[in-house]
Amino acid sequence: MRLYSNTFGPGPRRVGLFLSMKGIEIEKILMPAYGERSAEFLEKNPGGKIPVLELDSGECIFESQAIIQYLEGAFPEPSFSYNDEQTAQKVDTLSHLINEFFHYFYVTALHGSPVVAQFLDQDPKADKISRPMALARMEQIAEIAGDNFFLAGDRPSIPDFMLYAHVEYIRMRFGIFLPAHLVNLHKWYERFQELPGMYPNGWQDDEEFWEEQA
């Protein structure tokens with residue numbers, strides 16, 4: 001297998017973190033975050049996005065959530081899945097809410113963040129609509145997580161990787177962290193980043209590797 005990715009966006013970070021925590025070693029191909037894609041790469045993913053996981057068979061899997069779900073099935077130990085139906089449904093709900101959260105946050109970042117203002121003509125109306133939606137989704141995530149040690153239960157599952165990658169990307173890119181009133185998510189964040197296999201400084205992949213390749 002080989003992974004076409006980088007450490008810039010939240011999608012690549014999700015996959016890099018998952019590989020690290022699983023202890024999976026695969027070939028990594030550094031890709032720029034933006035820009036034109038080669039015809040060869042577009043055959044792997046016509047959308048041109050990264051990350052892309054290329055299997056030994058030549059089949060390619062894209063979209064970060066699909067990649068980590070495949071890896072969870074292909075490398076079941078250590079397990080980041082729940083077999084009981086109730087918790088599995090909670091995992092699905094959390095994953096959906098996390099994706100929605102980032103969708104709304106991305107809109108509000110584009111149209112409300114000073115980091116982006118120099119590159120884009122911002123529309124305050126878009127920020128006004130999307131900002132409360134992003135917060136509402138995060139509050140829903142916090143409510144479902146409750147007092148769980150991790151988001152869905154007593155051990156990490158796919159939503160933990162998804163949310164942590166988003167939180168770190170937003171923190172490092174925009175200087176925004178978890179809302180102060182969501183105390184249980186702050187505790188979750190501290191617990192999750194102390195797990196074995198976590199890369200330092202919030203990066204979800206081997207930073208030195210990418211620096212050497214660049």
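Values below: all heavy atoms of this structure, side chains included; hydrogens, waters and symmetry mates excluded. Not measured: the values here are computed from a predicted model.
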Taking atom types as modelled and ignoring hydrogens, do the side chains of Ser95 and Asp92 form a donor-acceptor contact shorter than 3.5 angstrom? no

Under a 3.5 Å cutoff, is there a donor and acceptor pairing between the side chains of Gln65 and Asn99? yes

Looking at Ala180 and Val183, what are the two nearest heavy atoms and their distance? O-CG2, 4.0 Å

Looking at Arg13 and Glu168, is there a salt bridge between them, counting it only when a charged N and a carboxylate O are closer than 4.0 Å? no

Are any non-hydrogen side-chain atoms of Leu53 and Met1 less than 4.5 angstrom apart? yes

Is it true that, when you exclude Glu27 itself, more than 12 heavy atoms of the residues, nucleotides or ligands shown sit nearer than 6.0 Å to its CD? yes

Would Arg155 count as a cation-pi partner of Tyr82, with NZ or CZ less than 6.0 Å from the six-membered ring centre and within 45° of the ring normal? yes

Quiz item: cation-pi between Arg173 and Tyr169, 6.0 Å / 45°: no

Does a side-chain heavy-atom distance below 4.5 Å link Pro32 with Asn6? no

Is a side-chain N or O of Glu72 found less than 3.5 angstrom from the main chain of Ser81, in a donor-acceptor match? yes

Correct closest heavy-atom pair for Asn184 and Ala142 would be ND2-O, 2.9 Å

Using side chain to side chain contact (heavy atoms under 4.5 Å, CB included), reason through Lys49 and Glu63 one step at a time and then give a plain yes or no. CA-CA 8 Å; Lys49 294 172 59 180; Glu63 298 299 333; 3.6 Å; yes

Can you spot which of Phe150, Phe75, Phe192, Phe18 makes a ring-ring contact (aromatic ring centres under 6.0 Å, His included) with Phe80? Phe18

Can you give me the closest heavy-atom contact between Pro156 and Phe161, atom names plus distance? CB-CE1, 4.5 Å

Which heavy atom in Ser157 sits nearest to a heavy atom in Val91, and how many Å separate them? OG-CG2, 3.8 Å

Is there a side-chain contact between Asn148 and Asp154, using heavy atoms and a 4.5 Å cut-off? no

Can you list the steps and then say if Glu77 with Lys22 is a salt bridge (Lys or Arg N to Asp or Glu O under 4.0 Å)? CA-CA 7 Å; Glu77 296 297 333; Lys22 277 281 189 181; over 6 Å; no

Between Ile144 and Lys90, does the side chain to side chain contact (heavy atoms under 4.5 Å, CB included) criterion hold? Intermediate values first, please. CA-CA 8 Å; Ile144 292 172; Lys90 186 182 293 186; 3.5 Å; yes

Taking the side chain as every heavy atom from C-beta outward, state whether Met31 and Arg37 have any atom pair closer than 4.5 Å. yes

Side chains of His166 and Arg14: do they bring a donor and an acceptor to under 3.5 Å? yes

Do Asp160 and Trp188 have side-chain atoms, one donor and one acceptor, less than 3.5 Å apart? yes

With a 4.5 Å cut-off on side-chain heavy atoms, are Leu3 and Ile29 touching? no

Stacked cation flag Arg137 on Tyr104, 6.0 angstrom / 45 deg: no

Side chain of His111, backbone of Pro124: donor and acceptor closer than 3.5 Å? no

Show your reasoning for whether side chain to side chain contact (heavy atoms under 4.5 Å, CB included) applies to Tyr4 and Leu30. CA-CA 6 Å; Tyr4 297 82; Leu30 177 63; over 6 Å; no

For Pro179 and Met138, which heavy atoms make the closest approach, and how far apart are they? CD-CG, 4.3 Å

Short side-chain to backbone donor-acceptor contact, Asn45 and Phe62, under 3.5 Å: no

Find out whether Leu151 and Leu185 are in side-chain contact, i.e. whether some heavy atom of one side chain is under 4.5 Å from a heavy atom of the other. yes

Close side-chain approach of Leu135 and Phe101, heavy atoms under 4.5 Å: no

I'd like to know if the side chain of Tyr189 pairs up with that of Glu194 as donor and acceptor (distance under 3.5 Å, no hydrogens or angles considered). no

Ignoring hydrogens and geometry, is there a side-chain-to-backbone donor-acceptor pair from Ser20 to Gly16 under 3.5 Å? no

Locate the shortest heavy-atom distance separating Val52 from Cys60; write the atom from each residue and the value. CG1-CB, 4.0 Å

Looking at Ser130 and Thr108, would you say the former's side chain and the latter's main chain have a donor-acceptor pair under 3.5 Å? yes

Hey, are His186 and Glu190 close enough side-chain-wise for a donor-acceptor pair under 3.5 Å? no

In the structure I gave you, are the side-chain heavy atoms of Lys28 and Ser5 within less than 4.5 Å of one another anywhere? no

